[in-house]
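First up is the structure itself, then whatever we jot down about it.
Because the structure is predicted, anything quoted here is derived from the model rather than measured.
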Amino acid sequence: MAGVSGSGTSPVITDETTGLNKVHLKSPSGSSAEVYLHGAHLTSWKSNSGQEQIFVSKLAVFKPPKAIRGGVPVCFPQFGDMGPVKAQHGFARNTEFTVVNATADSVTLSLSPNEEQRQGHFPDHTLYVKITVGSDSLTEELEVVNGTSAETPLTFTSALHTYFRVSDISQTHVEGLSGLKYLDNMQNRQEGTDESQVISVNGEIDRIYVKAPDHLKIVDKKGGKVISIQKTNFPDAVVWNPWIDKAKGMADFGDEEYKEMICVEAALATSGPVELAPGKSWVGTQVLKSSKI
């Protein structure tokens, strides 16, 4: 992906409501996606039937540098507080990207952080985000390239903080995490083991599952659908739902919206960080697919 250059008419349009620049993608099968340049932030993925698969809060604030609440925030160069950046989840999700290549169904965006963002902690590097919409599928790829002029390795953690839209959280569960160790962010990352056959949500949950399988599923019984997640080079997985009290405490999240979403995040967190030598690159990918139960 590195080194790609743009061509043809610019695909960037300005959203009439938010005033921010974005790109609209559509596959021959009818699936579509919407990506804002602010944060290389995916805010919509609709399946062939036109059903929205991604949750964005109705109270989301589209005012940079604030991150958009929902969609797929790109956590880089750190996940949470797992790195030297003061801002939660790093700076990528708060920064404008540049479109370097686009087709009808795919876009590649790039970010080369400035000195202020690197804060002396990171060498010169570039982050590429490529999003491709297919038939009932969506692929998001991160590529990190440490500069050839860099004198030190680039050390980072990362995640694709995906908010999935579900019909009813009480009739939704996650498969593929049974028996795994996790760190509970609600208990100062105290370690636990999940003995449940499936992960159901009946209260606030914020867990980092360590060395999670590359294939996970979200089963939305009321919605009659399954979302499959195939991740590569993201060794961990995060499950998050704010539930009642935390939802009420977030200004950019509706009090009742916890019922309509679940985050299942492909993550490079406790199993990281990556140390990338000068001139080298790292690629992490997630492929999402929607199907009927």
Given N101, V35, V100, T98, the one that forms side chain to side chain contact (heavy atoms under 4.5 Å, CB included) with L109: V35

Nearest non-hydrogen partners of G70 and P73, listed with the distance: O-CD, 3.5 Å

Within-4.5 Å side-chain heavy-atom neighbours: Q286 and T162: yes

Heavy-atom side-chain contact between L25 and V107 under 4.5 Å: yes

Pairwise distance OG(S178) to CD(Q197) - rounded to 0.5 angstrom: 4.5 Å

Distance in Å, N94 CG paired with H38 NE2, rounded so as to fall on 0.5 Å steps: 6.0 Å

Pairwise distance CG(L160) to SG(C75) - rounded to 0.5 angstrom: 8.0 Å

Linked, directly or transitively: I262 and F79 (ILVMFWY side chains, under 4.5 Å): no

Co-membership, hydrophobic cluster, residues V99 and V133, 4.5 Å side-chain: yes

Between D236 and Y209: side-chain donor-acceptor atoms closer than 3.5 Å: no

Single-linkage hydrophobic cluster M82~V85, side-chain heavy atoms < 4.5 angstrom: no

Cluster overlap V72 with L268, hydrophobic side-chain contacts below 4.5 Å: yes

Name of the residue among S137, S29, S27 meeting side chain to side chain donor-acceptor pair (under 3.5 Å) with N48: S29

Centroid separation F76 to H161 less than 6.0 Å: no

Distance, nearest 0.5 Å, that separates CD of E195 from CG of L180: 10.0 Å

Stepwise side-chain hydrogen bond (donor to acceptor under 3.5 Å, both in side chains) test for T43 and E34: CA-CA 6 Å; T43 55; E34 181 180 80; 2.8 Å; yes

Gap separating the CG atom of L20 from the CG atom of L37, nearest 0.5 angstrom: 9.5 Å

Under 3.5 Å side-chain donor-acceptor pair for Q117 and T95: yes

Evaluation steps, side chain to side chain contact (heavy atoms under 4.5 Å, CB included), between L154 and F122: CA-CA 6 Å; L154 171 63; F122 306 98; 3.7 Å; yes

Donor-acceptor under 3.5 Å (T103 side chain, S106 main chain): yes

Side-chain donor or acceptor of T148 paired with backbone N/O of G279 under 3.5 Å: no

Residue pair N241, M261: steps toward the side chain to side chain contact (heavy atoms under 4.5 Å, CB included) verdict: CA-CA 7 Å; N241 181 289; M261 55 73 64; 3.4 Å; yes

Derivation and outcome, side-chain hydrogen bond (donor to acceptor under 3.5 Å, both in side chains), residues T132 and T139: CA-CA 5 Å; T132 304; T139 301; 5.9 Å; no

CA sep, side-chain torsions, deciding dist, call: H41, I68, side chain to side chain contact (heavy atoms under 4.5 Å, CB included): CA-CA 8 Å; H41 200 127; I68 299 167; 3.6 Å; yes

Y258 and V201: CA distance, side-chain angles, deciding distance, side chain to side chain contact (heavy atoms under 4.5 Å, CB included) verdict: CA-CA 10 Å; Y258 71 92; V201 180; over 6 Å; no

Side-chain donor or acceptor of N233 paired with backbone N/O of V283 under 3.5 Å: yes

Over 12 non-hydrogen atoms of neighbours within 6.0 angstrom of CG in D255: yes

Reference residue R189; test salt bridge (Lys or Arg N to Asp or Glu O under 4.0 Å); the match among D206, D184, D81: D81

Sub-4.5 Å side-chain heavy-atom contact between L177 and L216: yes

Mutual orientation of the aromatic rings belonging to W240 and Y163 [parallel < 30°, tilted 30-60°, perpendicular > 60°]: perpendicular

Under 3.5 Å side-chain donor-acceptor pair for E140 and T285: no

Atom CD of Q88 with >12 non-hydrogen neighbours under 6.0 angstrom: yes

Enclosure of N188 CG (heavy-atom neighbours >12, cutoff 6.0 Å): no

R207 and D194: CA distance, side-chain angles, deciding distance, salt bridge (Lys or Arg N to Asp or Glu O under 4.0 Å) verdict: CA-CA 10 Å; R207 296 177 179 174; D194 206 314; 2.8 Å; yes

Nearest heavy-atom neighbours spanning I227 and S290: CD1-CB, 3.7 Å

Residue pair I293 / V219, side-chain heavy-atom distance below 4.5 Å: yes

Reported CD-to-NZ distance for the pair E257 and K58, which is rounded to 0.5 angstrom: 6.5 Å

Pair Q51-K225, side-chain donor/acceptor within less than 3.5 Å: no

Side chain H89, main chain G80, donor-acceptor under 3.5 Å: yes

Non-hydrogen side-chain atoms of I13 and K22 separated by less than 4.5 Å: yes

Path from V129 to V287 over hydrophobic side-chain contacts below 4.5 Å: no

Check: C263 and V238 side chains under 4.5 Å, non-hydrogen atoms: no

Minimum heavy-atom distance between K26 and G30, given as atom pair plus value: CE-O, 3.9 Å

P153 side chain near V274 side chain, heavy-atom distance below 4.5 Å: no

Closest non-hydrogen atom pair between A92 and L127, with its separation: CB-CD2, 4.1 Å

Closest approach of I54 to G71 (non-hydrogen atoms, all atoms of both residues): CG2-CA, 3.4 Å

Heavy-atom side-chain contact between K86 and F91 under 4.5 Å: no

Backbone N/O of W45 and side chain of E52: donor-acceptor pair under 3.5 Å: yes

Residue pair S47 / S31: nearest heavy atoms and the distance that separates them: C-OG, 3.6 Å

Distance-only polar pair, side chains of S57 and D252, donor-acceptor under 3.5 Å: no

Check: A212 main-chain N/O paired with K231 side-chain donor or acceptor under 3.5 Å: yes

Ring centroid separation F234 to W282 under 6.0 Å: yes

Test of ring centre spacing under 6.0 Å for Y36 and F62: yes

Within 45° cone of F55 ring axis and under 6.0 Å: R165 NZ or CZ: no

